[in-house]
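Report on the following structure.
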Amino acid sequence: MNYTDVITGKNINKKFGKFELDVPEIHIPEGFSTALVGENGAGKTTLLNILSGLRRDNKGEVSYFGEKKIDDEGVMERIGFTGTKNYFLPHWNGNQIRELSETLFDNFDRDKFDAICKSLNIDSSVFGSNAKSVSKLSDGNLMKLMLATVFARKTDLLILDEPASPLDPLMRDLLGDILRTYIAEGNGKRSILFSTHNISDMEDVTDYIIVMDDGKILEQGFVTDIKEKYVIVKGDGEVTEELKKNMISVTPGKYGFEGMALAENTERFTGMNISFETPDLFKICVALLKQNSKLSMPVL
Amino acid sequence: MFKTIRQYNSFTSKKVMAAAYILFPTAVFILLVTVSFFNRNSDSQTFRTLLTTFSVMVSVWACVVVCLSDRFNFGALLSDKSRISEMTKTSPKGVRMIKNIAVWDIFSRLLLIFLGTVGIVVAGYIGHPDKGLKFSMMCILFVISCHSTTSLLVWICRLIENSTISTLIYSFGILYFFPVAILYILPEEIFHPLLYVGAITVELTADVIINVIGMCLLNRFIKKEWYKDKALKG
């Protein structure tokens, strides 16, 4: 597929004690929605912070919208970022957030912000004359408020750190609609990069996927290509060494096994009593992450 | 100190802070009276009068500052004691504002140290002409070590975003008042109440004046219209 990069990263490296984020190359396609998936502690937030310009103490180079750097004129204004709890300071209230957003960003639209807050049904106690601080908000409302400040700006790139995690199913569904509309109305010039643990919920919004594990990128590509690249392998026999050798991951069960293999290797299973299925994103991510995961079933 | 209140005020109840800033000078006052009890040979009348004046002055000052701090909430929007919000950091204007605040903060502290130093030296010579220099030098060391180190380290804390270290440093900032206690334990021959009160008055006054001017300028600077008209065009 032909596309240009909205973000290109090269040789990105950042060390925290024993953890090392090491990304030799990363491409975020312009005009698409990219999901960043990985285990807790895989380095997703660190990578997003680097790509959004929040963190500058890393090695490597990142360019935006072609060859521009983060400090070039107008680049940061074109990027909308929502982070974790440090996005707002806890003592701020909604009025102050509106005022500060207007001060900090030329492309912030106050009326649009108010309308979005109303549409998203954000807890109104943080606005008005006796406005409460955002520290009193639930995680879901806090995330909705963060999203409202970003959606109220004219941007060409959204970088969202786990936007769906604290949201209820209804709001998650609405977020999917909003993100799809954002991309559709951009005529190929608007892009989204978001991290998520809820890849099943966000699959409809995902065009391109990056799977990370322990600071490294395991897989990246367009969802259609990735789905063609892997197959689910199901069988009712024993999990033999021969089988394991040809699969990315395999989980034995009471009545057989299920695992993931490269589609190009399907002929290696000829003669075995197995079936193939097209995987969804969730299964692909789980299979890829299982390869090096330290997780195991606890004794209950 | 003014800045400290403003920052604490930004994430703690105003009432709690008002109480703390009234109770703290009171505690210092009690400490001074207790220590002075063991220095009964001092000029007790002058001593007590000046201590009372000092205590009242600091208490009133604390109340006024806490009330005024609302005016500077816009400044407090940008940062609290250990963090700068991600929203601010992702805005080019926000980054510029933070840099300007940092520059002003450090500049104001350096100016304060200069004025405080001059004040202490002058007060030292007035209070105790023959031994004033030695005493003044000691005061200067206290002021510089407590005041400037706290201010500079707080900015380092904001950069590294470590709230634990920041809290420790703010606790260290309370050492600002420790010279009060330590000076009273000094040998009697180099002690004179006027020397101390003169020094602390000059320092507190300079602190308040500088911070009020600074915060007013900062507040004006941050205001959107002014910022757009002047700062961006400039």
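These numbers come from the heavy atoms of this one structure, side chains and all, not from hydrogens, waters or symmetry mates. So you know, we letter chains A, B, ... as the sequences are listed, proteins then strands, and number each from 1.
Taking the side chain as every heavy atom from C-beta outward, B/T90 and A/I79 never approach each other to under 4.5 Å.
Around CD of A/E61, the count of heavy atoms belonging to other residues, nucleotides or ligands within 6.0 Å does not exceed 12. Surrounding NZ of A/K15 are at most 12 heavy atoms belonging to other residues, nucleotides or ligands under 6.0 Å away. The number of heavy-atom neighbours closer than 6.0 Å to CG of A/N130, taken from other residues, nucleotides and ligands shown, is 12 or below. More than 12 heavy-atom neighbours from other residues, nucleotides or ligands sit within 6.0 angstrom of NZ on A/K112.
Between the side chain of B/K93 and the main chain of A/F105, no donor-acceptor pair closer than 3.5 Å is present. With hydrogens and angles disregarded, a donor-acceptor distance shorter than 3.5 Å links the side chain of B/S91 to the backbone of A/L104.
A pairwise comparison of heavy atoms in B/E86 and A/G83 identifies OE1-CA, 3.3 Å as the closest pair. Of all heavy-atom pairs spanning A/W92 and B/S85, the tightest one is CH2-OG, 3.1 Å. Between A/M76 and B/K89, the shortest heavy-atom distance links the atoms CE-O, 3.2 Å.
Within the 4.5 angstrom heavy-atom criterion, atoms from both the backbone and the side chain of A/Y87 approach chain B. Heavy atoms of A/S133 lying under 4.5 Å from chain B are absent altogether.
Not counting sequence neighbours, A/F151 has no partner by the ring-ring contact (aromatic ring centres under 6.0 Å, His included) test.
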> Checking side-chain contact (heavy atoms from CB on, under 4.5 Å) for the pair B/M87/A/T82: CA distance, chi angles, key distance, verdict?
Replying inline: CA-CA 8 Å; B/M87 189 168 87; A/T82 62; over 6 Å; no

